[in-house]
Amino acid sequence: MTESLLLYENQPLFDSFDMTPVFEDFRLAPIIDAVVEAGGRPAIRGFFTQKPKRPEDVWLRLAVSRDLENPALYDGLRAFTRLYALYRQYETLTETADHAEARAKYRLDALSTFTGALQQLERTFSDCHYTAPALKRFHHRLTEYIGSESFRSIMHDANECQKTLLSFVYVLDVRPGDPLLIVEPDNAPVPDDWFATLARVFARMDCDAFRAPVAAFADTHFCLLENLILKHLQKMNPRLFAAVRAFDGKHRGFTPPAFINTFEHELQFFLSYALFQAEWEAKGLYFSLPVLQEGAEVSLADGYELALAINTGSSPVPNDFALCAGETHFVLTGPNHGGKTTFARMLGQCLYFAHIGLPAPCASLRFRFFNGLHSHFVMPETVHKGRLKEELTRLKALLDTEPCNSFVVLNELFASATTRDARELGNLLLERLREAGCVCLYITHIFELAADAPGRVSLRAVMDDGGRSYKIGRLPADGLVFVNELMGKYHLYQRDIEERLHDRFPAASV
Amino acid sequence: MIVSLLHPYKGINNHPVLLANARELCTDLRLDYLFDAMGNGDPFIGDAARRVMLDADPPDNGTLRFRQAVLQDAFGHAAFCNRLYEGLHKTIMAYEKRLAECKPSFARFSPTTGRVRDAVMLCGLLLNGAEHAAGQICSEQTAFGEAFRRFTDSFTRFYEAAFLQEARAQIAALTLFDETASARYGVRLGPGLKGSGYRLYTLRTRREGKIKARGAATIPLDSIGLQAQAAGLLDAGLIKLLRVLNGISAKVLADLKQARFETAFLVGCIHLRERFQRMGQVTCFPDPADGAGPFTFEDLTEAALAVCDGKPPTGNSGDFYGKNLVLITGANQGGKSTFLRSVGLALLMARCGMFVTAARFTARAPGRLFTHFCRDETENSGRLDEELRRMSAIIDQLEPDTLLLMNESFSSTSERDGAGIAREILTALRARGVRTFFVTHLTDYAADLYRNAPEDTAFLRADRQDDGSRRFTLSPGAPRPTGFGTDLYREMFGTGAGAFNRSHPI
């Protein structure tokens, strides 16, 4: 594919940043697997591992994503991709079907489906409101193509030929125990469906089965009996089959223009995600289309860890995040299992989806463009004797990529070093990243780091009455150890209960 | 066809989601005694009663009044209701038995004509059942009331004689199918020249003469493969017929099952009422008050206890208009728990449109009802933890129209701690207006509260006579610092009780 229509602005050069290294840390792999599975097109997986290097490309994608929020446009595009898939299926059968007559007919079916799909697509664009420049450009090219002589000639021939074929009805009379199956052309007026009487008598039962078609010979291959029937039909009506052959001969060399294929392929990137999104929205999750803005700020409301949500089937505790001008580093401390790593993943996922131009798992997100997303999480399985060295090696590799203006998440680094060393190493590393213009989320148990330099913000896992809330807030780091009182644990103090009941008992008061 | 015996416009879900705490309610309020009495030996009726009474989605007041009208009518047609239920039950049981016989595990490989014959037989059986029920309705002499008539009219209109006659004729024709059945299809050329849009012109039940048009060709079926493919072609039409028959059967079966479910509930209520009548227990239909405020009753007894003992228990009266908390203290074995259960049972019964065991009962039935009863089964070490966890889980589910029944809650810790916990929790619940009945021995807490005399709290006390005997009735009154447990001690161990100081809390 030499050009991109929906994913990259700069033609023909499109530039991207490989996101595979953060997939594991941010638990993106299971999410992307689910997205690709929802769309049923494994070939598009590659789109999800590449983050555009230029903000223009993110604008381009976000505009498309925004337009897809229009249900009419979305449904129209989905209908188009379904027809296009059918076209592809017929196209394949023009090569693989059992015999020449069938292959010729599949050519006709393929091209009438293709022309139908494109007309349907054009109608969708004409009827729906949309603003994305990428879609506008495509619509323009599509209109031009549909108006071209070659397209019109194919459409005309295909329609004529199909019309003739559909007017031909034949009769099959099958009697078990009888050595013969009768094939005859049906010249008499079409009789009533045999089920009509039953359907009338039992109309009050409103039985779906009456409307279902009779499914005979459902396989795409021809069985022996079908072959014999076909042979008789050819003898009965040779002109009909000649017309099909003529159509095939005339249009055999047809291939769709490359821009249609590219459009359809890249559209799957958005549609697969939309399907995935709809599936989980129906189960109570929520997504929001991020807004890319100039400047240094980031503000995220009610973001949640999507992989965890998919795994447990419910929305985990949501969290907010804000990056204000002048802030560079976020030092996150708090007790174990207080939601620190989940917070880091949530933030990573939201920024990732924002940067590839798709709705993020949050209530709202305004973000600035980062060149790269980097992460370093401790994986239990990598823990071995030379852990500090291994960590430093990986960090060196990260720093060697010269991550200017990147977002970096570092999770529990230097856990094997002494506290004093870890603090010093941490300060060195953070300073280095600050110089490179990076924003960093640094998860650590060394809470002193939060106050060691200007531009650092302290985040802490919030405890309430001795329980974990899984909320992360801008709080001073203090090594608070929580008390595990039962009343606190079950939130049964008077004010807790009143608060818990507040939404359900709004009018009540003491 | 709409079976509308328990709802004015629709059939209610006969497999409803039950209240999340259905199991606790059954244990704490001893509901199983009630269900057994309603079933009167028929487990299906008991189960139907359980599903209606513990439905998580309670009917509104309009529906409750409708149900009460239907029940009132059912009491006047008790024999008819029984007969109708029996007939429906018999048809469905016969259907299920025949279905099991027709469904050997290798059904997929049995000839389609055979399966069509089975489906025809089952469909006929169900239609006969519907006809029988319609006949029973038509031959009932006494007129039905308006509410009941919605169902009977709808049923007899749907399964009317003209339809059933025509249906039977169609079904009878289909019983003639044998292995020589044959078919004639009209076909068009579809994608890839495969046949498509198969339309069944004729389905002959048995061998008939050939009609062959001019220009027809014949294909000799001279190999096993060709014969099998031709049989597959014939089957395609038969399979559609099979699906049609199964679809019709499913619809009739659903109607009959719905009618059986709803009549089962009525029959259950008839059984229970007859039982109460025999023992002289008064019953009345509650007035489902529209506002949340009214809550009064006269001579309310505990229904499950009545069923158990076979005689009417001692009743209580009360008026708790506008009270959020009813605090019940007093003598051990004084009828506190029984009173709590009588309130819970009556509200559950009122909630599903049933009568209650009282002379008069006015209350808005709660959407949900929670019990927080002291449990003995858990280990002592974690009991408070378990109690508080249950309490917290209940609080998560409270809604404005819920009722909470607490029985000896927080007694698994010292009285001081228990009182502290009760104070925190109940103050909050009162502030939010959660209607709560609390049986407690936390006398210091109760006495404290009484001193403050809050408007929204009623105080009931289980008293003992001066001779130590119990009347099992509660009366309004200040909490006393003893549960008279010593009386019980004396009752069981004779003398020596004088050693206990009565004013000392137990």
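Only a predicted model underlies this, so the values are computations on that prediction, with no experimental measurement involved. Every chain is numbered from 1, with letters handed out A, B, ... down the list of sequences.
The distance from the CE atom of M205(A) to the CZ atom of F163(B) is 3.5 Å, given to the nearest 0.5 Å. In this structure, the separation between CG on D496(A) and CD1 on I425(B) is 10.5 Å, given to the nearest 0.5 Å. Taking CG of L165(A) as the reference point, atom CG of L189(B) lies at 6.0 Å (rounded to 0.5 Å). Here CD1 of I395(B) is found 3.5 Å from CD1 of I497(A). Values are rounded to the nearest 0.5 Å. One finds the OG atom of S196(B) at 7.5 Å from the CG atom of L166(A) (value rounded to the nearest 0.5 Å). A distance of 4.5 Å separates CH2 in W194(A) from CG in L241(B), rounded to the nearest 0.5 Å.
Counting all heavy atoms, side chain and backbone alike, C207(A) lies closest to I248(B) at SG-N, 4.0 Å. Listed here is the closest heavy atom pair of P191(B) and Y90(A): CG-OH, 3.2 Å.
Within the cation-pi definition used here (under 6.0 Å to the ring centroid, within 45° of the axis), K194(B) does not qualify as a partner of F217(A).
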| task | Any chance you could lay out the side-chain contact (heavy atoms from CB on, under 4.5 Å) test for F222(A) and L193(B), step after step, and finish with the verdict? | result | CA-CA 9 Å; F222(A) 278 72; L193(B) 295 176; 4.2 Å; yes
| task | Given side-chain contact (heavy atoms from CB on, under 4.5 Å), test L492(A) with E424(B) step by step and report yes or no. | result | CA-CA 7 Å; L492(A) 287 174; E424(B) 289 285 339; over 6 Å; no
| task | Using the side-chain contact (heavy atoms from CB on, under 4.5 Å) rule, take L398(B) and L501(A) through it: C-alpha gap first, then chi angles, then the decisive distance, then the call. | result | CA-CA 8 Å; L398(B) 289 178; L501(A) 294 178; 4.0 Å; yes
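Under the side-chain contact (heavy atoms from CB on, under 4.5 Å) rule, Y185(B) has a single partner from V174(A), V171(A), D173(A), which is V174(A).
Taking G247(B), A236(B), P454(B), S392(B) one by one and counting their heavy-atom pairs under 4.5 Å with chain A, the maximum is reached by S392(B). Contacts with chain B were tallied for T113(A), L198(A), L230(A); L198(A) has the most, counting heavy-atom pairs under 4.5 Å. Ranked by heavy-atom pairs shorter than 4.5 Å toward chain B, the options V201(A), L240(A), L108(A), D208(A) are led by V201(A). Ranked by non-hydrogen atom pairs under 4.5 Å with chain A, the options M1(B), Q229(B), Q227(B) are led by Q229(B). Here T220(A) is the residue among T220(A), T94(A), V244(A) with the most heavy-atom pairs under 4.5 Å with chain B. Among A173(B), G190(B), A393(B), the residue making the largest number of heavy-atom pairs under 4.5 Å with chain A is G190(B).
When heavy atoms are compared at a cutoff of 4.5 Å, L238(B) does not approach chain A at all. Within the 4.5 angstrom heavy-atom criterion, no atom of Q165(B) approaches chain A. Heavy atoms closer than 4.5 Å to chain B are found in the backbone of H221(A), but not in its side chain. If you measure heavy-atom distances from L127(B) to chain A, the contacts under 4.5 Å come from the side chain alone. Proximity to chain A (any heavy atom under 4.5 Å) is restricted, for Q170(B), to the side chain, taken from C-beta onward. If you measure heavy-atom distances from A212(A) to chain B, the contacts under 4.5 Å come from the backbone alone.
Under a cut-off of 6.0 angstrom, the local environment of NZ in K283(A) is crowded, with over 12 non-hydrogen atoms contributed by other residues, nucleotides or ligands. Within a 6.0 Å radius of CZ in R239(A), other residues, nucleotides and ligands contribute 12 heavy atoms or fewer. Counting heavy-atom neighbours within 6.0 Å of R243(B) CZ, excluding the residue itself, gives a total of 12 or less. Dense packing is recorded around NE2 of H99(A), with more than 12 heavy atoms of other residues, nucleotides or ligands lying under 6.0 Å away.
Residues I229(A) and V187(B) have side chains not in contact (no heavy-atom distance under 4.5 Å, counting atoms from C-beta outward). Looking only at side-chain heavy atoms (C-beta outward), D206(A) and K251(B) stay at 4.5 Å or farther from each other. Between F202(A) and I171(B), some side-chain heavy-atom pair lies under the 4.5 Å cut-off. Put simply, the side chain of I239(B) does not reach to within 4.5 Å of the side chain of V214(A), judged on heavy atoms.
Under the 4.0 Å criterion applied to side-chain N and carboxylate O atoms, D396(B) and R500(A) are assigned as salt-bridge partners. Under a 4.0 Å N-O distance rule, the pair E499(A)/R432(B) does not qualify as a salt bridge.
Of the possible donor and acceptor atoms, none in the side chain of E498(A) sits under 3.5 Å from a partner among the backbone N and O of A428(B). Panel note: side chain R504(A), backbone P400(B); no donor-acceptor pair is recorded below 3.5 Å.
Side-chain contact annotation: S167(A) with R188(B), donor-acceptor N/O pair under 3.5 Å absent.
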